[in-house]
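Report on the following structure.
Just so you know, these numbers come straight off a predicted model, no measurement behind them. All values below come from the heavy atoms of this structure, side chains included, with hydrogens, waters and symmetry mates left out. Protein chains get the first letters and strands the later ones, always in sequence-line order, with residue 1 at the start of each.
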Amino acid sequence: MKNQELARIFERIADALELKGETGFRVLAYRKAARVLTDLTEDVAELDRENRLETVPGIGSGIAKKIHEYLATGKMKKLEEVTAGIEPGLFALLDIPGVGPRTVKLLNDKLRVKNIDDLKRVLMDGSAAQLPGMGKKKVENILKGLEQIERAGSRMYLNEAFELAELIIEYIRSGSDAKEVIAAGSLRRGRETVGDLDILATGSNPQQIVHRFVTFPMTRQVLSAGETKASIVIASANGLRQIDLRVVEPETFGAALQYFTGSKDHNVALRTLAQKMGLKISEYGVFRNDRRIAGKTELEVYQAIGLPYIEPELREDRGEIAAAQENRLPVLVRQEDIKSDLHIHTTASDGSSSLIEIVRAAQQLGYTHIAIAEHSVSAGYAGGLTADQLLSRCDEIDRLNENLKKFRILKSAEVDITPDGKLDYPDSVLARLDLVIASIHQAFNRDATRRVCNAIEHPLVHIIAHPSGRLIGKRPGYDINLEKVIECAAQNRKILEINSYYERLDLNDVWARQAKEAGVLIAVNTDAHSVSDLSWMRYGVMTARRAWLTRNDIINCLSLAQLMKLLARLRQSS
DNA sequence: GCCGTTTTCGGCCCGACTGTTTTCAGTCG
Ligand SMILES: Nc1nc2c(ncn2[C@H]2C[C@H](O)[C@@H](COP(=O)(O)OP(=O)(O)OP(=O)(O)O)O2)c(=O)[nH]1
Ligand SMILES: [Mg+2]
Ligand SMILES: [Mg+2]
Ligand SMILES: [Zn+2]
């Protein structure tokens, strides 16, 4: 799929236009096109073939033509045209915080700066400071920006982001008279990775709150500190991290939270809608002729422009505003709806908690049942069980279940899909299990689509775990066609997993949404290897919410009886 | 470049902070 490649090209065109001095809305249009391509699950090539590119909001005739040209010829005239005469090294300069296209253009025009090394030279030898509009402070700030990108960690996983947020929020609370302190931004929306932390505080003494914030002990740089907002860079174990703080009066909490939660594109869409109604939305409220008509709560803000409340996880400008207008927003699944975790390892394979410990913890979480799914034979590296071991494990679970009240352990296994597309246990063994989970752990790029579809078509298989195999920021995943996998799962009424491990989140939000639309049921599982890993459910549920899933779309929301019925029915019908 | 229960032309979200600005541009959220 060339979707991501094309998204990068349109980003590149936008950057190039700005480096040449263009500032207008054309640039924004290219960036928006890049974003919608990133979010798209459908192959652009297919959209192009069927002449449906222009049905995607943000793609018009101009962009559609360019996509077609690139797919047909491997080239795009516009790209070559706008990047001609721009030193390739200049694009990287745009990544430096505080450095934008005007600064890069100035440095290139006046000092022939072509790359980061040139930049460092003119900063150090004093020539940059001499330029019009530049000065000592500007130079210092660019040097700080260089430190920030050179030592910046990549985007945070959700677990790190939540932990850091808790730390800074508690720190602000305990040392100021802030009324509310809450995480907003991409963390509140549950994005799979989080670029920075965005913390909103309310209080009548903003100066005090800002001061408390910038004196956070881990602070490495103070990027800015004003009357209502501040930004710091802190040193964490994984590199430098940015934290943004916004402070407003308690009266405008809702409007500020709405603003600071984003996403940017959601905000722009919302504000544009308000504009058309003769209203204005900002972080200070909703205004009609400079009179505030809403702002205390987020609900007020949405209602002021005639919409129902939109949950943070939906605020990505992926059709949620149109859905809100037509009153067809889904009632999103909540963590309290989850009755089971159906993919858990114990010390029997490569886990570090015993079966009993896991059961107790699951009961504590309010679950009524779980599925124990150890690795299979050929996963020797992960303590995979032989068929005999698995069968005696089943006996053990049967005995344990007799002694458990109002709780049930499902006999399961995470069965490897072998390189030749077979399952790792004979059918006679699989038949003994309540729940069969199949997944790829080897030979990632050997015909993965075919192998996974084989597994889906196997009459004894219920769930495909982590269907894409990606590890966020670490490896791209199998060479697999998820559209086909979803289609196959839909045909065979099989279940696809949202694996909740924060480095997986697989299926991701957009693919899980696609699966739902195709009529595929989803399992949200932690793949826990210890008691504490059970808490990863939170990330999986957030991902499910971002996929527009309701509790009816998720098998972990079924009662034990309902689930057993479903699992049995799946085997009969195949 | 995109888009249209106000438009096929003329709009395109809105505001904070910094530095070098003598009135605001650049960058960012
Ligand atoms: N109205 C408006 N709001 C913005 C704009 N840029 C950012 N925001 C709001 C919405 C964002 O979610 C919020 C925080 O900004 P961030 O740059 O931190 O983005 P976000 O947290 O969504 O993503 P991230 O993971 O940090 O990259 O501020 C903008 O241009 N206009
Ligand atoms: Mg952020
Ligand atoms: Mg931010
Ligand atoms: Zn597993």
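Among the protein residues, A/Leu270 comes within range of no part of the nucleic acid, since none of its heavy atoms lies under 4.0 Å from any strand. Residue A/Lys66 is in sugar-phosphate contact alone, with no base atom involved, counting any heavy-atom pair closer than 4.0 Å across all strands shown. Among the heavy atoms of the strands, none lies under 4.0 Å from A/Glu140. If you check every strand for non-hydrogen atoms under 4.0 Å, A/Ile96 touches sugar and phosphate atoms only.
The distance between atom NZ of A/Lys138 and atom C1' of B/dG26, rounded to the nearest whole Å, is 7 Å. Per the geometry, CZ belonging to A/Phe213 stands 18 Å off P belonging to B/dA16, to the nearest Å. B/dA16 atom P lies 15 Å from atom CG of A/Leu245, rounded to whole Å. One can place CD of A/Glu227 at 13 Å from C1' of B/dT18, the figure rounded to the nearest angstrom. If you take CD1 of A/Ile305 and C1' of B/dC13, they are 12 Å apart, rounded to a whole angstrom. Atom CG of A/Leu187 is separated from atom C1' of B/dG29 by 16 Å (rounded to the nearest Å). Between the CD atom of A/Glu283 and the C1' atom of B/dC17 there is a distance of 13 Å, rounded to whole Å. Rounded to an integer number of Å, the gap from NZ of A/Lys137 to P of B/dC17 is 16 Å.
Summarising the geometry of A/Ala161 relative to A/Leu197, their closest heavy-atom pair is O-CD2, 3.8 Å, with the distance given to 0.1 Å.
When atom types are taken as modelled, the side chain of A/Thr297 and the backbone of A/Glu300 share a donor-acceptor pair closer than 3.5 angstrom. Remark: the backbone N or O of A/Thr261 is paired with a side-chain donor or acceptor of A/Arg189 at under 3.5 angstrom.
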Short N/O separations, protein against nucleotides 3-5 of chain B, under 3.5 angstrom:
from	atom 1	to	atom 2	distance (Å)
B/dC3	OP1	A/Gly58	N	2.6

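Relative to the ring axis of A/Phe91, A/Arg12 places its NZ or CZ within 45° and under 6.0 Å from the centre.
Contact annotation: A/Tyr284 side-chain N/O to B/dA16 OP1/OP2 distance is under 4.0 Å. In this structure, A/Asn141 reaches the B/dG19 phosphate: one of its side-chain N or O atoms is under 4.0 Å from OP1 or OP2. Phosphate contact (OP1/OP2 of B/dC17, side-chain N/O of A/Thr228, threshold under 4.0 Å): present. Distances shorter than 4.0 Å separate none of the side-chain N or O atoms of A/Lys264 from OP1 or OP2 on B/dC14. One finds no side-chain N or O of A/Gln275 lying less than 4.0 angstrom from the OP1 or OP2 phosphate oxygen of B/dG11. Residue A/Arg271 has no polar side-chain atom (N or O) positioned under 4.0 Å from OP1 or OP2 of B/dC14. Here A/Ser231 does not reach the OP1 or OP2 of B/dC28: none of its side-chain N or O atoms lies under 4.0 Å away.
Judged by closest nucleotide on DNA chain B, A/Gly133 is the one of A/Val99 and A/Gly133 placed further toward the 5' end.
Side-chain contact annotation: A/Gln221 with A/Glu147, donor-acceptor N/O pair under 3.5 Å present. Of the N and O atoms on the side chains of A/Tyr171 and A/Thr215, at least one donor lies less than 3.5 Å from an acceptor on the other residue.
The pair A/Arg545-A/Asp509 fails the salt-bridge criterion, with no side-chain N (NZ, NE, NH1 or NH2) lying under 4.0 Å from an Asp/Glu carboxylate O.
A/Arg52 meets the side chain to side chain contact (heavy atoms under 4.5 Å, CB included) test with A/Glu42, A/Glu46, A/Leu47, A/Glu50, A/Thr55; sequence neighbours excluded.
Below the 3.5 angstrom threshold, one finds no donor paired with an acceptor across the side chain of A/Tyr259 and the base of B/dG15.
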